[in-house]
Number of protein chains: 2
Amino acid sequence: MSAIEYLTQFLKSARQEKGLSQRALSLKTGIQQTQISRIESGQADLRVSTLVELARSLDLEVVLIPRSLLPAVNSITQKKSSEENSALVPEPAYRLGNGTDDE
Amino acid sequence: MSAIEYLTQFLKSARQEKGLSQRALSLKTGIQQTQISRIESGQADLRVSTLVELARSLDLEVVLIPRSLLPAVNSITQKKSSEENSALVPEPAYRLGNGTDDE
DNA sequence: CTCTTTGATATGGTAAAATACATCTTTATC
DNA sequence: GATAAAGATGTATTTTACCATATCAAAGAG
């Protein structure tokens, strides 16, 4: 799974967990539904401005993290402490590969 | 400061702190130096694949973080005790030269 | 069962922008 | 002044993103 796929699938999951259709997200962001379709299906290498716009409409933020700090960050983001979030996560047993190699 | 500016300035700082020129980073990534120039100067809305490629060559990773967890993540990434983490710090105590600047 | 409607996602064509390639300007050092 | 390194600019190609439309699925009416 490439890094772009990871990001776009993350966005897709976040959208679905919020119960939004592509069209609904399109209305929130101003980004065409057709573009969201292509992005989620891996047919588009979206611009960073598009990534940021989609992320923010889904209450997410794009950040750069030093690789050495990834485990610490993951330990935070994969916690299911928050009620508002855990209620929307259907499969909490997920675990992304933590290897330092790219795939 | 826009989100894209934040990301590109973060990349620029990381590159400079590693002592890499735009050309050197270009060789590592395969991305043209001209493109790196435009990206760092805010003249380009880069693609996500480009962002990921540049980030990885600088030992960084692009991640999506829930907004509610941003403070916790920042408290990790902005620690000063880390050895290799000092991107975007205004004036690091590093000096690549010999330290004598009376010229 | 068939037709229609409605909602969600995918596809084709075009304009705008990122990227690649070549070149230029600037700065420093000799 | 020459040379080299770092960053910026001009043009052609590639690709995103927009717009209109098509496909697909589910549900209801006739």
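In this text, all values refer to a predicted model and were calculated from it rather than measured experimentally. The sequence lines fix the lettering, A, B, ..., with proteins before strands; numbering per chain opens at 1. Every heavy atom of this structure was used, including side-chain atoms; hydrogens, water molecules and symmetry mates were not.
In this structure, the separation between CD1 on A/Ile31 and CG on A/Leu54 is 4.0 Å, given to the nearest 0.5 Å.
Counting to the nearest Å, the P atom of D/dG7 and the CZ atom of B/Arg23 are 9 Å from each other. The separation between B/Lys12 atom NZ and D/dA6 atom P is 15 Å, rounded to whole Å. Regarding A/Glu53, its CD atom lies at a distance of 19 Å from the P atom of D/dT16, rounded to whole Å. As rounded to whole Å, 9 Å separates atom P of D/dT16 from atom CG of A/Leu46. When the P atom of D/dT16 is taken as reference, atom CG of A/Leu54 falls 14 Å away, rounded to whole Å.
One hydrophobic cluster holds both B/Ile76 and B/Leu70 under the rule that ILVMFWY side chains link at heavy-atom gaps under 4.5 Å.
Between A/Ile4 and B/Ser49 the shortest heavy-atom distance is CD1-CB, 3.3 Å. Minimum heavy-atom separation, A/Leu69 to B/Thr77: CD1-CA, 3.9 Å. The two residues A/Leu20 and A/Arg15 have their closest heavy-atom pair at O-NH1, 2.8 Å.
Here B/Arg47 lies in heavy-atom contact (under 4.0 Å) with sugar-phosphate atoms only.
Toward the 5' end of DNA chain C, the nearer of the two residues A/Gln22 and B/Leu51, judged by each one's closest nucleotide, is A/Gln22.
Shown are A/Gln16, A/Gln35, A/Glu40, A/Lys12; of these, the side chain to side chain donor-acceptor pair (under 3.5 Å) with A/Gln22 is made only by A/Glu40.
Using a 4.0 Å cutoff on non-hydrogen atoms, the parts of residues 30-41 of chain A near DNA chain C are A/Gln33, A/Thr34, A/Ser37, A/Arg38, ordered by number.
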Can you list the steps and then say if A/Thr34 with A/Gln32 is a side chain to side chain donor-acceptor pair (under 3.5 Å)? CA-CA 5 Å; A/Thr34 87; A/Gln32 295 291 318; 5.5 Å; no
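For the side chain to side chain donor-acceptor pair (under 3.5 Å) test, no residue two or more places apart in sequence or in another chain qualifies with A/Ser21.
Reading DNA chain C from its 5' end, the first and the last nucleotide to sit under 4.0 Å from a heavy atom of chain B are C/dA18 to C/dA22.
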